[in-house]
Amino acid sequence: MRKRTFFLFPEGRLKALTMSYDDGTVDDRRLVDIFNRHGIKGTFHLNSSLLGKGNHVQLDEVAELYRGHEISCHGCLHAGLNQISREEIVRDMWEDRQALEKLAGYPVRGMSYANGRFNRESVETLRGLGFVYGRTTLSTAKFDIPDDFLTWHPTCHHSHDLPVKLESFKQQKYLLSLMYVWGHSFEFERRNNWELIEDFCAAASGDEKVWYATNIEIYDYLTAARRLEYSADCRIVKNPNAVPIWLGMNNDTVIKIAPGELKQLY
């Protein structure tokens with residue numbers, strides 16, 4: 001009898017939540033504290049040339065402040081990538097990546113588009129520079145897995161009916177679902193509505209059915225899952241990765257494929 005297998009998130013979960021915040025202003029301190037208290041993971045897209053200036057976080061606090069989350073690029077000078085030359089894109093993003101890697105102490109492979117501006121040339125330039133994902137500002141209101149991570153469209157900005165989106169996310173039962181929220185921490189301060197994100201994190205946290213992950217963790221896991229090697233009849237699978245991958249079968253069985261394992265599925 002033919003059976004159907006499909007990807008699952010780690011530990012056999014069907015759902016994942018990730019948060020994405022831009023610009024690295026001092027308001028990130030309060031936001032990170034909220035995330036940490038509720039076990040929420042975030043990715044923080046920083047402009048390296050602006051750190052330590054104005055209302056941006058200080059250079060010497062970056063590594064500790066964002067520990068347990070992800071540091072990602074947002075362009076050295078916050079330039080719209082569809083408004084500058086290919087050469088300027090290379091210089092701006094490469095300098096940003098190098099500067100942030102020195103602060104973070106690990107490879108920085110992701111970014112978000114400053115002002116949401118990008119085009120085909122900028123996407124391909126980033127791909128050539130080794131970036132593996134780029135978050136847009138084109139919210140979909142959906143929980144889909146991105147087709148191309150370098151044009152990764154989020155579910156919603158945090159101001160767009162966030163409680164309603166969360167309730168819809170919780171109702172997802174049968175499809176691999178990713179809720180991706182983006183914004184700027186300074187918006188909570190300006191609008192005096194920190195309770196919005198506090199309440200969201202409290203309501204979203206502690207769900208055993210949800211994987212709380214950074215942007216790069218989601219990219220790495222799904223990329224590894226797509227590298228699984230199947231026999232022609234899909235009865236045998238090999239995991240060539242250094243991390244375990246989980247599969248579901250016929251909506252009622254969870255299968256863990258260990259690193260390097262060759263497994264008979266049925």
Side-chain angles (χ1 to χ4, degrees), residues 16-76 78 96-97 99-114 133-135 137 139 152 154-160 162-163 165-166 169 178-207 210-221:
L17 171 68
T18 192
M19 313 293 285
S20 179
Y21 280 79
D22 296 348
D23 294 356
T25 64
V26 294
D27 310 288
D28 280 359
R29 298 167 185 163
R30 184 169 178 178
L31 182 61
V32 168
D33 177 65
I34 292 171
F35 285 173
N36 290 344
R37 284 190 282 106
H38 294 287
I40 303 296
K41 289 286 195 77
T43 291
F44 292 86
H45 309 280
L46 309 180
N47 311 105
S48 57
S49 288
L50 302 181
L51 295 174
K53 301 175 182 178
N55 67 332
H56 293 82
V57 300
Q58 298 299 309
L59 290 164
D60 60 4
E61 71 175 309
V62 167
E64 185 59 34
L65 174 62
Y66 300 112
R67 189 177 304 280
H69 302 279
E70 178 194 359
I71 293 170
S72 178
C73 292
H74 197 42
C76 203
H78 204 271
D96 199 37
R97 183 177 176 187
L100 292 177
E101 287 176 342
K102 290 179 181 178
L103 297 175
Y106 53 77
V108 172
R109 298 181 291 142
M111 59 85 66
S112 69
Y113 295 98
Y133 76 78
R135 195 217 73 225
T137 58
S139 299
W152 191 349
T155 302
C156 63
H157 183 273
H158 63 237
S159 64
H160 296 164
L162 195 55
K165 296 292 193 306
L166 178 59
F169 178 62
L178 168 63
M179 184 171 184
Y180 190 142
V181 180
W182 77 279
H184 308 83
S185 61
F186 63 74
E187 295 174 88
F188 300 118
E189 187 66 23
R190 288 180 181 178
R191 299 172 184 176
N192 192 29
N193 65 346
W194 281 99
E195 71 280 357
L196 174 65
I197 195 64
E198 182 83 60
D199 292 347
F200 170 81
C201 289
S205 67
D207 190 335
V210 176
W211 178 35
Y212 303 95
T214 64
N215 291 186
I216 197 64
E217 288 173 333
I218 290 169
Y219 167 83
D220 282 341
Y221 180 81

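Each residue takes its place number in the sequence, starting with 1.
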> Do Ile218 and Tyr133 come within less than 4.5 Å of each other through their side chains, counting heavy atoms only?
Replying inline: no

> Among all residues two or more places apart in sequence or in another chain, which pass the ring-ring contact (aromatic ring centres under 6.0 Å, His included) test with Tyr221?
Replying inline: Trp211

Identify each donor-acceptor pair in which a side-chain atom of residues 48-56 lies under 3.5 Å from a protein atom, sequence neighbours left out, and give them as a table.
residue	atom	partner	partner atom	Å
Ser48	OG	Asp96	OD1	2.8
Lys53	NZ	Ser49	O	3.1
His56	ND1	Lys53	O	3.1

> Gly42 and Thr214: which non-hydrogen atoms are nearest, and at how many Å?
Replying inline: O-CG2, 3.7 Å

> How about His38 and Tyr212: are their ring centres within less than 6.0 Å of each other?
Replying inline: no

> What closest approach, in Å, do Arg97 and Val108 show between heavy atoms, and which atom pair accounts for it?
Replying inline: NE-O, 2.8 Å

> Judged by modelled atom types alone, do His78 and Asp23 share a side-chain donor-acceptor pair under 3.5 Å?
Replying inline: yes

> Who are the salt bridge (Lys or Arg N to Asp or Glu O under 4.0 Å) partners of Arg191, not counting sequence neighbours?
Replying inline: Glu187

>> Ignoring hydrogens, what is the shortest heavy-atom contact between His157 and Ser159? Give both atom names and the distance.
In response: ND1-OG, 2.8 Å

> With sequence neighbours left out, what residues match Glu198 under salt bridge (Lys or Arg N to Asp or Glu O under 4.0 Å)?
Replying inline: Arg37

>> We want to know whether Trp182 and Ser139 form a side-chain donor-acceptor pair, criterion being a heavy-atom distance below 3.5 angstrom.
In response: yes

>> What verdict does the side chain to side chain contact (heavy atoms under 4.5 Å, CB included) test give for Ser185 and Thr25, after you've listed the backbone C-alpha separation in whole Å, the side-chain angles of each residue and the deciding distance to 0.1 Å?
In response: CA-CA 7 Å; Ser185 61; Thr25 64; 3.4 Å; yes

>> Restricting to ring-ring contact (aromatic ring centres under 6.0 Å, His included), what partner residues turn up for His45, sequence neighbours left out?
In response: none

>> Rounded to the nearest 0.5 Å, what separates atom CD1 in Ile34 from atom OG in Ser205?
In response: 12.0 Å

> What pair of heavy atoms forms the shortest contact from Ser112 to His74, and how long is it?
Replying inline: OG-ND1, 2.7 Å

> Between CD1 of Ile71 and OH of Tyr66, what distance do you get to the nearest 0.5 Å?
Replying inline: 7.5 Å

> Just wondering, do Met179 and Leu162 contact through their side chains at under 4.5 Å, heavy atoms?
Replying inline: yes

>> Side chains of Leu178 and Trp152, heavy atoms from C-beta outward: is any pair under 4.5 Å?
In response: yes

>> Nearest 0.5 Å, please: how far is CG in Leu46 from CD in Glu70?
In response: 10.0 Å

>> For a 4.5 angstrom cut-off between non-hydrogen side-chain atoms, does Ser72 reach Ile216?
In response: no

> Can you check salt bridge (charged side-chain N to carboxylate O under 4.0 Å, His left out) on Glu61 and Arg29, steps first, answer last?
Replying inline: CA-CA 10 Å; Glu61 71 175 309; Arg29 298 167 185 163; 2.7 Å; yes

> So do the side chains of Phe200 and Val181 get within less than 4.5 Å of each other, counting heavy atoms only?
Replying inline: yes

> Any idea which heavy atoms bring Trp194 and Asp27 closest together, and the distance?
Replying inline: CH2-O, 3.4 Å

> Going through the distances and angles, do Phe44 and Asn215 end up as a side chain to side chain contact (heavy atoms under 4.5 Å, CB included)?
Replying inline: CA-CA 9 Å; Phe44 292 86; Asn215 291 186; over 6 Å; no

> If we only count heavy atoms from C-beta on, is the Val32 to Leu65 side-chain gap below 4.5 Å?
Replying inline: yes

> So, for Thr137 and Arg135, which heavy atoms are closest and what is the spacing to 0.1 Å?
Replying inline: CG2-NH2, 3.8 Å

>> Could you go through Tyr180 and Ser20, starting from their C-alpha distance and side-chain angles, then the distance that decides it, and tell me whether this counts as side-chain hydrogen bond (donor to acceptor under 3.5 Å, both in side chains)?
In response: CA-CA 7 Å; Tyr180 190 142; Ser20 179; 3.1 Å; yes

> Would Ile40 and Met19 satisfy side chain to side chain contact (heavy atoms under 4.5 Å, CB included), going step by step from the backbone distance to the final call?
Replying inline: CA-CA 8 Å; Ile40 303 296; Met19 313 293 285; 3.5 Å; yes

> Can you tell me how far NE2 of His158 sits from OG1 of Thr155, rounded to the nearest 0.5 angstrom?
Replying inline: 14.5 Å

>> I'd like to check Tyr21 versus Phe35 (side-chain heavy atoms, cut-off strictly below 4.5 Å). Are they in contact?
In response: yes

> Who pairs with Tyr113 by ring-ring contact (aromatic ring centres under 6.0 Å, His included), at least two apart in sequence or on another chain?
Replying inline: Phe118

> Are His69 and Thr43 side-chain neighbours, meaning at least one heavy-atom pair lies under 4.5 Å?
Replying inline: no

